[in-house]
Amino acid sequence: KAGVTQTPRYLIKTRGQQVTLSCSPISGHRSVSWYQQTPGQGLQFLFEYFSETQRNKGNFPGRFSGRQFSNSRSEMNVSTLELGDSALYLCASSFVPGQGAYSSYEQYFGPGTRLTVT
Amino acid sequence: EDKVVQSPLSLVVHEGDTVTLNCSYEVTNFRSLLWYKQEKKAPTFLFMLTSSGIEKKSGRLSSILDKKELFSILNITATQTGDSAVYLCAVIRGGSNYKLTFGKGTLLTVNP
């Protein structure tokens with residue numbers, strides 16, 4: 001099975017711009033989670049989507065949004081970029097969490113998108 | 001707010017040493033605890049622990065969970081330079097809130 005893919009791998013934007021990141025989960029995985037990773041804060045949960053619905057959201061401002069399509073692919077959007085948004089954005093997919101199969105809580109991460117805001 | 005604290009933050013050892021990494025947590029409606037290894041790329045899954053006292057083992061790595069004291073340890077025996085990485089611990093809530101909370105990780109450096 002192909003792993004989780006994320007595009008683009010690297011991105012440089014300037015303050016005030018917006019950016020859209022894409023994530024394709026492992027085939028058959030319906031849950032997609034997004035994380036921001038920075039040296040100071042570590043891995044922080046942004047949101048999780050399942051069947052095109054956002055089921056959970058972390059403590060990030062409304063400038064961070066996402067969506068999921070019917071094929072489980074997900075996009076994350078950040079508007080009005082700030083310097084502090086520079087980070088590695090990781091996407092992770094899992095099978096069908098919450099359905100009683102403990103193994104479905106295993107998350108498989110993509111390689112990430114390295115966003116630099118100048 | 002859920003909290004995951006890993007210690008030590010960093011560790012330097014020599015090949016062949018045994019290391020123990022710690023993860024303590026405070027989470028509402030705890031479901032499971034996961035360990036990941038992150039080198040210069042995406043985290044890779046190591047273990048998921050749900051029940052207390054049951055050791056999970058994979059080669060030289062093993063992990064155990066104590067739900068009474070709210071912590072887990074990850075042991076690596078006979079360390080190799082390839083074990084150098086950041087080791088991340090995360091907890092999952094139960095119920096309909098599927099959310100992983102990660103610790104800040106332990107940076108392990110194994111010198112030859």
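Chain naming here is simple, since letters A, B, ... match the order of the sequence lines and numbering starts at 1 in each.
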[X] with [Y], same ILVMFWY side-chain cluster at under 4.5 Å:
X	Y	value
A:Leu83	A:Phe64	yes
A:Val117	A:Val19	yes
B:Phe71	B:Leu33	no
A:Leu88	A:Leu11	no
A:Trp34	A:Val4	no

Looking only at heavy atoms, which two atoms of A:Tyr35 and B:Leu100 are closest? And how far apart?
OH-CB, 3.1 Å
What class does the angle between the rings of B:Tyr36 and A:Phe109 fall in, given that below 30° is parallel, 30 to 60° is tilted and above 60° is perpendicular?
perpendicular
If the contact rule is any heavy atom under 4.5 Å from chain A, which residues of residues 102-112 of chain B qualify, in numerical order?
B:Phe102, B:Lys104
For B:Arg60, does the CZ atom have more than 12 heavy-atom neighbours from other residues, nucleotides or ligands under 6.0 Å away?
yes
With clusters built from Ile, Leu, Val, Met, Phe, Trp and Tyr whose side-chain heavy atoms come within less than 4.5 Å, directly or transitively, what are the remaining members of the cluster of B:Ile54, listed by chain and number?
none
With sequence neighbours left out, write down each residue that passes salt bridge (charged side-chain N to carboxylate O under 4.0 Å, His left out) with A:Arg63, or none if nothing qualifies.
A:Glu82, A:Asp85
Sort and list the pairs that fulfil side chain to side chain donor-acceptor pair (under 3.5 Å) and have at least one residue in residues 2-11 of chain B, not counting sequence neighbours.
B:Asp2-B:Arg93
Do A:Leu90 and B:Gln38 touch side chain to side chain, with heavy atoms closer than 4.5 Å?
yes
I'd like to verify something: which residue of B:Ala90, B:Pro43, B:Ala42 has the highest number of heavy-atom pairs under 4.5 Å with chain A?
B:Pro43
Going through the distances and angles, do B:Thr44 and A:Tyr108 end up as a side-chain contact (heavy atoms from CB on, under 4.5 Å)?
CA-CA 7 Å; B:Thr44 52; A:Tyr108 296 86; over 6 Å; no
Rounded at 0.5 Å granularity, tell me how far CD in A:Gln44 sits from OG1 in B:Thr101.
10.0 Å
